[in-house]
Amino acid sequence: MSAVRSAALAESINATLADLLEQDPRLLLLGEDIGRLGGVFRVTRGLRERFGAERVRDSLLAESTIVGQAVGMAMSGLVPVCEIQFDGFTYPAVNQLVTQAARIGDRWNGQVSPSLVVRIPTGGGVRGVEHHSESNEALFARVPGISVACPSTGEDADQILRYAVTLGSPVVMYEPIRLYWRRNTPARDPEPARSPTAARIVRRGTDLTIATFGAVTHEVLEAAYALSPEVDVEVVDLRWVAPLDMNTVLESVARTGRLLVVHEGSKDVGIGAEVAASVAEHAFDALRGPVRRLAPDRRAYPPADFEKDYLIGVREIKDEVLVMTK
Amino acid sequence: MSAVRSAALAESINATLADLLEQDPRLLLLGEDIGRLGGVFRVTRGLRERFGAERVRDSLLAESTIVGQAVGMAMSGLVPVCEIQFDGFTYPAVNQLVTQAARIGDRWNGQVSPSLVVRIPTGGGVRGVEHHSESNEALFARVPGISVACPSTGEDADQILRYAVTLGSPVVMYEPIRLYWRRNTPARDPEPARSPTAARIVRRGTDLTIATFGAVTHEVLEAAYALSPEVDVEVVDLRWVAPLDMNTVLESVARTGRLLVVHEGSKDVGIGAEVAASVAEHAFDALRGPVRRLAPDRRAYPPADFEKDYLIGVREIKDEVLVMTK
Amino acid sequence: MVLQAETEYGTDPDDDTRRSLLRHMLVARGVDEEARQLQKQGALDLWLSCQGQEAAQVGSALAVGPTATVFPSYREHAVALLRGVTPDELVAQWAGRTFCGWDPRRLRFFPYTLVLAAQTLHGVGYAIGQRLQGRDDLVVVYMGDGATSEGDMSEALNLAAVESASVLFICQNNGWAISKPAGEQMRTSVAERARGFGIESVRVPGQDPETVFSACSRAAAHVRAERAPCLVEIPVGRIHGHSTSDAQEVYRDHEDIARARAADPVTAYAARLGGLGLVDTAWLDAVDAEVRELRERLMKEYV
Amino acid sequence: MVLQAETEYGTDPDDDTRRSLLRHMLVARGVDEEARQLQKQGALDLWLSCQGQEAAQVGSALAVGPTATVFPSYREHAVALLRGVTPDELVAQWAGRTFCGWDPRRLRFFPYTLVLAAQTLHGVGYAIGQRLQGRDDLVVVYMGDGATSEGDMSEALNLAAVESASVLFICQNNGWAISKPAGEQMRTSVAERARGFGIESVRVPGQDPETVFSACSRAAAHVRAERAPCLVEIPVGRIHGHSTSDAQEVYRDHEDIARARAADPVTAYAARLGGLGLVDTAWLDAVDAEVRELRERLMKEYV
Ligand SMILES: Cc1ncc(C[n+]2csc(CCOP(=O)(O)OP(=O)(O)O)c2C)c(N)n1
Ligand SMILES: Cc1ncc(C[n+]2csc(CCOP(=O)(O)OP(=O)(O)O)c2C)c(N)n1
Ligand SMILES: [Mg+2]
Ligand SMILES: [Mg+2]
């Protein structure tokens with residue numbers, strides 16, 4: 001397997017945010033500890049010094065306040081990019097996001113198009129304490145009016161952010177914590193995505209399609225390389241989980257005839273369910289065997305000592321592929 | 001089609017709550033306007049007079065307060081049955097439900113088993129104003145530690161409630177508003193469910209399985225009767241959407257070879273996705289054609305004048321079945 | 001509270017303003033009556049009457065002036081009409097046609113928010129946003145007594161206090177949140193609560209539009225001068241049920257309803273201005289005709 | 001505030017209590033030091049030090065007595081130890097073994113809640129539940145200054161006030177919510193905010209455990225006697241970063257950190273009781289030995 005050394009996700013996002021702040025005076029950042037501290041993951045490091053405390057705002061410690069005031073700021077013509085400190089602390093902001101941010105455009109009959117971004121560190125594998133390792137992208141994926149992105153590289157995060165701040169409706173972007181400072185990642189096919197919202201085929205293959213997103217994309221790629229040449233796996237990095245680019249997945253399945261969905265969030269009523277169901281609906285005749293999902297069972301993310309059992313690793317992915325192609 | 005006249009859903013629930021309050025002194029009700037007024041839908045009518053204001057509690061106007069205090073009450077040994085006034089106002093309570101109620105058992109290493117029920121009026125078709133017609137059962141269905149019930153008859157609501165107050169972990173029960181006072185409903189096969197948590201086959205059939213739940217079950221039954229004898233549809237009323245009784249669905253699909261999932265909540269990452277994905281995974285060989293989902297597209301519930309276009313009616317169900325079986 | 005002395009802002013309504021207060025109250029009453037009628041006939045799905053609250057609404061809305069940006073809750077019909085929302089635009093959402101029938105931007109009267117207290121954070125965020133862009137408008141946020149129990153309301157008060165946002169909070173305390181009496185919703189007053197967050201506040205009776213006008217004029221001037229938030233709590237009567245679906249007789253005793261009716265601010269103010277000779281029969285007839293015409297047009301549009 | 005006069009409850013610590021205060025502070029300090037050590041060695045994933053807050057924690061915990069039920073936040077290690085949580089039980093969750101290492105029911109010390117302010121509503125609900133079942137325990141709810149911005153905190157204050165719940169809220173205001181200074185988190189004090197909801201409150205300095213003990217004794221007695229909530233706000237110093245992952249030097253100036261260190265409540269109180277002749281070298285050595293033994297056992301369990 002070839003690995004590449006690239007800028008870490010946190011560095012990419014930092015650079016993109018700096019550039020956006022530079023280019024668009026209407027843009028501002030808002031979140032707990034993002035200013036003086038530069039964020040608990042240091043993603044916004046140096047931005048307050050560079051752009052001032054008015055544009056890189058250390059918010060009050062209240063997630064509903066963060067999103068609720070961002071809605072008002074968007075109405076006033078600004079483009080707020082919010083940060084929630086950890087995925088597990090998103091819930092107090094759910095009401096403002098779902099009943100307000102997502103619906104303002106409709107409620108105003110299109111007169112207001114709030115470009116409003118919420119960045120959320122996500123995922124496990126870093127021995128986090130309770131609530132600090134969750135993957136809740138499915139929560140917003142089902143909500144009309146909210147787009148949900150799950151980049152797995154700095155390059156994708158950059159493209160997604162630049163698009164999100166112009167979209168005119170709220171975007172939630174999940175940033176995998178364990179990728180923030182990782183530099184070595186499996187190589188990917190260079191082919192770019194068809195559009196900012198499209199999925200991306202990061203490895204071409206002929207035997208089976210794996211649709212995935214977020215941090216685990218790297219484990220999927222590792223597994224794919226390890227399985228080759230016995231099994232030639234195609235890997236689709238969805239990049240967005242709402243709306244989903246099902247065309248890319250369906251085209252891939254039309255070629256390979258097999259679909260495995262892998263994700264870190266728990267399985268039930270998750271993104272994998274939507275992808276698998278859509279394929280079962282629209283590519284039934286192309287399927288050479290049952291679709292499968294590989295994702296944690298329906299249980300809470302455990303204490304750190306047990307997270308290895310919870311997370312999907314390279315081994316599980318390989319085993320699953322072998323079962324499906326044997 | 002034969003119709004039966006039965007107690008309305010609201011009457012059933014009222015009678016069950018009265019009986020539970022009668023039997024278990026630890027049980028209490030908690031919600032906005034449930035006492036003096038008897039609830040905006042009059043479901044708890046008369047209970048405050050009968051059991052007193054301490055056990056039928058007019059809560060503060062704050063959903064997080066309702067569920068948060070219920071968690072504390074459960075810790076003290078009580079069994080709170082909460083009401084959220086409308087589905088669309090659930091969101092302020094999401095944090096307490098998801099990060100607290102659902103996790104207390106684990107966090108206490110099993111020392112506390114909070115039996116805590118949240119009743120939520122749900123669904124459209126009654127020309128509700130903004131936020132008053134939603135179907136958000138998928139929101140909690142994906143959360144480990146929360147069970148979600150969606151009864152479509154008073155009898156089922158009764159069985160579910162009696163079970164829920166003993167479960168030792170939180171249960172959210174969605175009650176279709178448009179069934180509260182409806183008395184005439186399509187007849188069902190008399191066969192009871194295998195267990196309080198099992199799905200129920202409410203019409204036996206041979207050609208195609210429709211899995212559904214909640215208010216639209218009645219439209220599904222109507223469609224099934226109308227299609228017979230040309231197409232003989234089996235109807236599975238899931239009754240619980242988390243955890244799902246997939247066995248009943250899989251057995252049914254094994255017999256019929258075809259699956260359609262129908263629900264009122266919007267399609268993406270909904271319950272239908274989970275059911276369809278599970279069937280595509282575990283009953284692939286039994287399937288004679290693609291699974292299909294019939295549910296509203298990914299858009300907000302519209303103003304009342306447009307709800308007919310949004311909702312799934314008998315006609316759409318019939319058309320879909322005909323397409324699948326032609 | 002420590003608001004500037006009254007004289008400093010000079011806030012008593014002059015005679016034109018007084019007639020204007022009455023006219024807007026009469027219009028609001030007429031439109032509200034017609035909407036109730038339309039609901040009974042099935043032309044509207046629901047109506048939340050503002051009867052009993054006209055003095056508070058008209059007094060506050062005239063006081064803050066046309067440049068203020070208003071974040072209403074959902075019962076501020078008199079404010080809406082005063083701001084130029086037409087009756088048919090006002091009822092459109094209650095007839096199921098839209099989520100907002102008017103042009104929020106042009107009227108600086110933003111859409112109704114049905115999720116209680118959510119708009120309080122929007123209002124503060126908007127005020128901060130305006131200031132950051134070099135515009136320091138006055139933002140007015142309305143809410144009811146019951147809505148103050150929601151976490152968002154407290155969060156908004158704290159945010160406004162910390163950011164010293166130019167927001168005037170106006171709480172119409174009509175004594176009820178559907179069936180829950182305000183006395184069981186809180187221990188203190190909303191005004192006291194605001195002070196706990198560091199927001200100056202005042203509580204003024206809502207029966208007389210002039211009292212409301214004066215208090216809100218002072219409060220608005222204070223917000224503008226100090227660039228700091230302020231809260232005005234206005235106890236008002238709720239004449240009808242919470243909504244047309246609500247049978248208030250179930251939970252509210254007869255005398256209390258009768259008291260609210262007896263304290264009708266519209267008839268009281270009409271009588272008062274009449275007694276003072278500020279309006280005469282001709283004036284009243286003219287307004288009456290105007291109202292009748294509005295009602296007829298509304299009826300035609302919706303039945 | 002209008003709490004009963006001090007004499008009415010007689011709340012000054014006697015000499016045994018004073019020694020007890022010091023002993024618990026020394027134990028907490030020692031365990032906290034060891035936990036920091038263990039974290040450096042990789043045996044713990046994270047540690048949130050309570051250093052600088054021992055007087056507030058020990059003073060309040062001793063004052064409310066062993067029968068009170070405690071709903072902590074996540075930094076109340078000195079309270080935990082005083083309540084009988086063993087050091088290895090205390091750190092178990094920070095080593096990734098469990099979500100709660102102790103027996104919450106037996107110790108009447110409930111699990112740490114990491115979602116800020118969520119426990120405030122649980123505490124009030126529990127108090128209501130106990131009362132409904134004929135038990136009127138004192139419930140103690142701890143929270144930090146930053147957590148007070150969350151809507152749940154205000155909702156809990158309102159609920160406690162309206163229900164007159166037997167809850168003592170204790171806010172340890174260490175001046176920081178990670179990197180956000182308390183002065184930018186609120187305009188007033190937490191104590192003033194509580195009064196706005198109708199909850200009596202007091203603000204007492206947290207450097208001296210006796211002051212805290214007296215104030216909390218009075219407050220607890222008040223809650224028990226009046227069956228009504230009360231809030232005590234205790235300004236304390238935060239000696240270390242928010243957590244072992246937090247480099248406070250990035251956002252906090254050197255003098256402020258030095259000030260917190262200089263105002264170390266543990267060394268100050270040890271010196272004071274020494275100076276008063278209430279403890280001697282033998283006593284201090286004995287406690288020292290006890291602490292050393294606890295640290296060793298803890299180290300053995302986790303490395
Ligand atoms: C978050 C939320 N919860 C519940 C409701 C249902 N509801 C609508 S109005 C109302 C009472 C509001 O009382 P108050 O704030 O005093 O305003 P009023 O209706 O008296 O003007 C309730 C409970 C809602 N709209 N939003
Ligand atoms: C709802 C929620 N949001 C954010 C966080 C992340 N977080 C953990 S502690 C903390 C600061 C808390 O400050 P304070 O309440 O003053 O307590 P202290 O840590 O100073 O004791 C933050 C932002 C959280 N745990 N919960
Ligand atoms: Mg009210
Ligand atoms: Mg603090």
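Within every chain, numbering begins at 1; the chains are lettered A, B, ... in the order of the sequence lines, protein sequences first and strands thereafter.
Residue contact with chain A, scored on non-hydrogen atoms closer than 4.5 Å, is absent for C:Q119. For C:Q133, the part lying near chain A is the side chain, with the backbone staying farther off; criterion is any non-hydrogen pair under 4.5 Å. At a 4.5 Å heavy-atom cutoff, the contact between A:E54 and chain C is made by backbone and side-chain atoms alike. Proximity to chain A is absent for every atom of C:V124, based on heavy atoms less than 4.5 angstrom apart. Looking at A:L78, both its backbone and its side chain come within 4.5 Å of chain C, counting heavy atoms on both sides. The part of A:T99 that comes within reach of chain C is its side chain, from C-beta onward, which places non-hydrogen atoms under 4.5 angstrom from that chain. At a 4.5 Å heavy-atom cutoff, C:T120 makes no contact with chain A through either its backbone or its side chain. Using a 4.5 Å cut-off between heavy atoms, A:R103 touches chain C through its side chain atoms alone. Residue A:L28 touches chain C through its side chain alone, counting heavy-atom pairs closer than 4.5 Å. Using a 4.5 Å cut-off between heavy atoms, C:Y112 touches chain A through its backbone atoms (N, CA, C, O) alone.
When A:S76, A:G68, A:P92 are compared by the number of non-hydrogen pairs under 4.5 Å with chain C, A:S76 comes out ahead. Comparing A:Q69, A:R26, A:R55 by how many heavy-atom pairs each has under 4.5 Å with chain C, the most go to A:Q69. Chain A forms the most heavy-atom pairs under 4.5 Å with one residue out of C:G151, C:G123, C:C100, and that residue is C:C100. By number of non-hydrogen pairs under 4.5 angstrom with chain A, the leading residue of C:I128, C:N158, C:D103, C:T98 is C:D103.
In this structure the side chain of A:M73 reaches within 4.5 angstrom of the side chain of A:L30, judged on heavy atoms.
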query: Which is it for C:Q185 and C:D145 under the side chain to side chain donor-acceptor pair (under 3.5 Å) test, yes or no, and what are the steps along the way?
result: CA-CA 8 Å; C:Q185 191 81 244; C:D145 46 298; 5.5 Å; no

- prompt: Passes salt bridge (charged side-chain N to carboxylate O under 4.0 Å, His left out), C:E192 versus C:R187? Steps please.
  reply: CA-CA 10 Å; C:E192 281 175 80; C:R187 265 261 154 193; over 6 Å; no

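For C:Y126 and C:F110, the distance between ring centers is under 6.0 angstrom. Under the 6.0 Å cut-off for aromatic ring centres, A:Y301 and A:H131 do not qualify, their centroids lying 6.0 Å or more apart. Aromatic pair A:F41/A:F86: centroids less than 6.0 angstrom apart.
Residues C:R131 and C:S166 bring a donor and an acceptor atom of their side chains to less than 3.5 Å of each other. In this structure, a donor-acceptor pair under 3.5 Å is present between the side chains of C:Q172 and C:E76.
Classified by interplanar angle (parallel below 30°, tilted 30° to 60°, perpendicular above 60°), the ring pair C:W102/C:F109 is tilted.
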